[in-house]
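Contents: one structure, followed by commentary.
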Amino acid sequence: SSSSAASDVYKRQLLDLLSLRRAFGEVGGLTVAICGDIAHSRVARSNVALLQMMGARVRLIGPPTLVPGDADRWGCEVFHDMKDGLKGVDVVMMLRLQLERMAGALIPSTREYFRFWGLDREKLAWAAPNAKVMHPGPMNRGVEIDSDVADDLSVSLIQDQVCLLYTSDAADEEDSV
């Protein structure tokens, strides 16, 4: 149901916020780049609002076809170039490329998408020296993010996000019994 999906989105955002607090202590003052398929993401707009409420500066990065036309009114900086957008950010939050929600060819190919907007070591080097990487999942390795980056526990909060999500889901199951 749609209310269940909305609840899952809000739960996911709070868990992401917890991951950020565990990694950085405070969220206020962080610069967070939300990258990828912003137009089709259920969590992008609400993550922007939550992060801004917590005092973070938010950037949106993606191809023009995948960034909503009104994104500049969300109180974020909008970039269509990863190098410019990632410069000095503390957190890189990659979003899943949601091909199933796209009508028409909004990207040339997933290979081209990764070349320009997928996160790899070279692009991550444009961020702040101790930047962390997040992904709300499910993850398309080699499309939004390189496995080498996703699996590197020194930069990736993805494992933490997954553990928190499973713990939360288990608690939900226990409450329903």
Side-chain angles (χ1 to χ4, degrees), residues 1-62 66-68 70-79 85-86 88-98 100-101 117-119 124 127-128 130-141 143-145 149-177:
S1 79
S2 64
S3 65
S4 176
S7 175
D8 287 345
V9 168
Y10 297 135
K11 176 173 72 173
R12 185 61 199 241
Q13 290 172 310
L14 292 172
L15 294 173
D16 287 348
L17 186 62
L18 179 58
S19 287
L20 287 172
R21 291 198 59 166
R22 288 168 50 141
F24 293 97
E26 288 296 323
V27 176
L30 293 177
T31 301
V32 179
I34 300 176
C35 310
D37 188 356
I38 297 156
H40 299 100
S41 171
R42 290 188 298 230
V43 301
R45 188 183 300 252
S46 46
N47 256 340
V48 166
L50 179 62
L51 289 166
Q52 289 173 334
M53 188 182 341
M54 299 305 296
R57 179 177 165 202
V58 181
R59 297 179 183 177
L60 301 175
I61 308 170
L66 297 179
V67 176
D70 68 342
D72 59 334
R73 294 190 295 249
W74 297 6
C76 303
E77 297 172 274
V78 177
F79 295 87
L86 290 179
V89 301
D90 302 296
V91 179
V92 182
M93 181 181 292
M94 300 304 296
L95 298 174
R96 181 173 71 86
L97 188 60
Q98 299 188 33
E100 73 279 3
R101 293 185 181 189
W117 294 284
L119 188 65
L124 183 59
N130 294 313
K132 299 296 183 191
V133 175
M134 301 179 79
H135 194 301
M139 185 175 8
N140 296 310
R141 292 169 182 267
V143 177
E144 303 103 30
I145 190 167
V149 174
D151 297 336
D152 182 350
L153 297 179
S154 70
V155 297
S156 178
L157 299 179
I158 295 169
Q159 189 66 35
D160 188 58
Q161 290 176 279
V162 170
C163 289
L164 287 171
L165 185 61
Y166 286 147
T167 302
S168 175
D169 287 348
D172 288 348
E173 284 294 317
E174 184 66 29
D175 287 345
S176 66
V177 174

Test item: [X] and [Y] side chains (from C-beta on) under 4.5 Å apart, heavy atoms:
X: P136; Y: L95; result: yes
X: D70; Y: R45; result: yes
X: D151; Y: S156; result: no
X: V91; Y: F24; result: yes
X: L20; Y: L51; result: yes
X: H135; Y: R96; result: yes
X: L86; Y: C35; result: yes
X: V58; Y: M93; result: no

Notebook entry, point to check: Listed by chain and number, what are the side-chain contact (heavy atoms from CB on, under 4.5 Å) partners of N130, not counting sequence neighbours?
Noted result: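 None.
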Next item on the list: For the pair R57 and E77, evaluate side chain to side chain contact (heavy atoms under 4.5 Å, CB included) and give the outcome as yes or no after the intermediate values.
Entry: CA-CA 9 Å; R57 179 177 165 202; E77 297 172 274; 2.7 Å; yes
Margin query: Suppose we screen for salt bridge (charged side-chain N to carboxylate O under 4.0 Å, His left out). Which residues come up paired with E26, at least two apart in sequence or across chains?
Written below: R21
Next item on the list: Could I get the full list of salt bridge (charged side-chain N to carboxylate O under 4.0 Å, His left out) partners for D72, not counting sequence neighbours?
Entry: none
Looking at [X] and [Y], what are the two nearest heavy atoms and their distance?
X: S19; Y: M134; result: CB-CE, 4.1 Å
X: G85; Y: F79; result: CA-CG, 3.5 Å
X: G75; Y: Q52; result: O-NE2, 2.9 Å
X: D90; Y: G29; result: OD2-O, 4.1 Å

Checklist line | Reported CD1-to-CH2 distance for the pair I34 and W74, which is rounded to 0.5 angstrom | finding: 8.5 Å
Item checked: Rounded distance (nearest 0.5 Å) linking atom CG of D37 with atom CG of L97 ->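 Result: 5.5 Å between the selected atoms.
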Next item on the list: Kindly say whether L50 contributes a backbone atom to a donor-acceptor pair with the side chain of Q13 at under 3.5 angstrom?
Entry: no
Note to self: Would the distance check show the side chain of E144 and the main-chain N or O of G36 forming a donor-acceptor pair, the cut-off being under 3.5 Å?
What the structure shows: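 Absent.
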Margin query: For L124, run the side chain to side chain contact (heavy atoms under 4.5 Å, CB included) check against V89, D152, I145, V133 and tell me which one passes.
Written below: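 Of all the options given, the one that passes is V133.
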